[in-house]
Number of protein chains: 2
Amino acid sequence: MNKIDWKIITALQQNARLTNQELAQIVGLSPSPCLRRVRKLEDSGILRGYQAQIDQTLYGLPVTVFVSIKLERQTDHAIRAFEQAIQDLDEVQECYLMTGPRDYFLRVVSDSLQSYERFVRERLTRIEGIASIESSFAFNQVKQKPRLPPPPTLE
Amino acid sequence: MNKIDWKIITALQQNARLTNQELAQIVGLSPSPCLRRVRKLEDSGILRGYQAQIDQTLYGLPVTVFVSIKLERQTDHAIRAFEQAIQDLDEVQECYLMTGPRDYFLRVVSDSLQSYERFVRERLTRIEGIASIESSFAFNQVKQKPRLPPPPTLE
DNA sequence: ACCCTGATTGGCAGATTCTGCCAATTCAAT
DNA sequence: ATTGAATTGGCAGAATCTGCCAATCAGGGT
């Protein structure tokens, strides 16, 4: 990966629907080598995909909650069971395995506090092996930066 | 917004580089009304944009940290100053204003723990008005779902 | 049941873009 | 300088985009 690849990645993070011609112009190549580089980045896995950004509030899901979860025990079985259960919950947008006192960390979306309460009571707490759940509510999103800093390998 | 719009949004969340023809076929329309709907969703702001998903580890930024921040006072001035400062930090990928004991919640990326420490010491703590900082480290991402549940207005 | 109106759709066609192939160029190492 | 591998630019047929127009559809009022 070199400077041109980095430019490609930066440009596509800001607008994944750029045409190959536009992209080529931005990074200073002609279209065909530019397309080849994009394909290579895709094949290598660095470019994992392209996704539309949705305005959650306008879409109808204005509530964002961060949830810390602790398991009763960290056996292999309990971990796998929990992670599998989480995959099936549509409201869970992201899930991280954490260091420290909390085991998992989730970002959950919902249309209202009522719905979120129902989600916790009827879905989350039904998962086996959960010791505790702690919810933190977001007022709003202050920043969402679709752009990573340059990787250390570039400098 | 109706069922077709929802299909469009779902499809574009999974692959934002679908051609209009492919998208039209998926949602069961011919290309031209499909394109019109996409434009309308863009104009309305529901479709905020399209971004490439990057594999952070392959890219060279394997460390993800969630940071809770408390301000000394919640005056209008302090809040604005903090939010402005945050906008300029490339390492901060997301920032939320929170309810509860913590004021802000950040997702920060870094290439190593050393770099992260430097980031905290040389950048974060230099921002005026911060009372406390608490870092939680992620081992890895267990789930990343590029798909929202159907909005309540559809059911 | 009928008509009327506004919204939505499908098809068409010129303009644009994509993308595989090949020759030319660049660059690094000897 | 010379060689060879990697990368590039240009080309052209195929595919796609996208604005326009007529046809269709939904549903409200009489």
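Just so it is clear, the values below take in all heavy atoms, side chains as well, and ignore hydrogens, waters and symmetry mates. Labels below follow one simple rule: chain letters A, B, ... track the order of the sequence lines, proteins then strands, and each chain is numbered from 1.
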Ion pair check, A:R80 and A:E83, cut-off under 4.0 Å: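 Looking at A:R80 and A:E83, the cut-off is not met.
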Salt bridge flag under 4.0 Å for residues A:R102 and A:E134: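 Yes.
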Given the ring of B:Y50, does A:R17 sit roughly above its face, with NZ or CZ under 6.0 Å from the centre of the six-membered ring and within 45° of the axis? yes
[X] [atom1] to [N] [atom2]: how many Å, rounded?
X	N	atom1	atom2	result
A:D5	D:dA6	CG	C1'	13 Å
A:K3	D:dT7	NZ	P	18 Å
A:L29	D:dT7	CG	P	12 Å

Assess, by modelled atom type and distance only, whether the side chains of A:Q144 and B:E94 contain a donor and an acceptor separated by less than 3.5 Å.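 Not at all, the side chains of A:Q144 and B:E94 share no donor-acceptor pair under 3.5 Å.
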Do any side-chain nitrogens or oxygens of A:R37 fall under 4.0 Å of OP1 or OP2 in D:dT7?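 Negative; the distance criterion is not met.
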At under 4.0 Å between heavy atoms, how does the protein contact nucleotides 12-27 of chain D? Give one character per nucleotide, 5' to 3', with B, S or -. ----SSBBB-------
Whether the side chain of B:D5 engages the backbone of B:N2 through a donor-acceptor N/O pair (distance < 3.5 Å, no angle test) should be reported.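 Side chain of B:D5 to backbone of B:N2, a donor-acceptor pair under 3.5 Å: yes, one is there.
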Counting N and O atoms only, with roles assigned by atom type, does the side chain of A:T125 sit under 3.5 Å from a partner on the main chain of A:R121, one being a donor and the other an acceptor? yes
hydrophobic_cluster_shared for A:I9 and A:L29, side chain cutoff 4.5 Å: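 Same cluster.
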Below 30° counts as parallel, above 60° as perpendicular, anything between as tilted: where do the rings of B:Y116 and B:F137 land? perpendicular
Selection: residues 40-49 of chain B, any non-hydrogen atom under 4.0 Å of DNA chain C: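 Of all residues in residues 40-49 of chain B, the ones placing a heavy atom under 4.0 Å from DNA chain C are B:K40.
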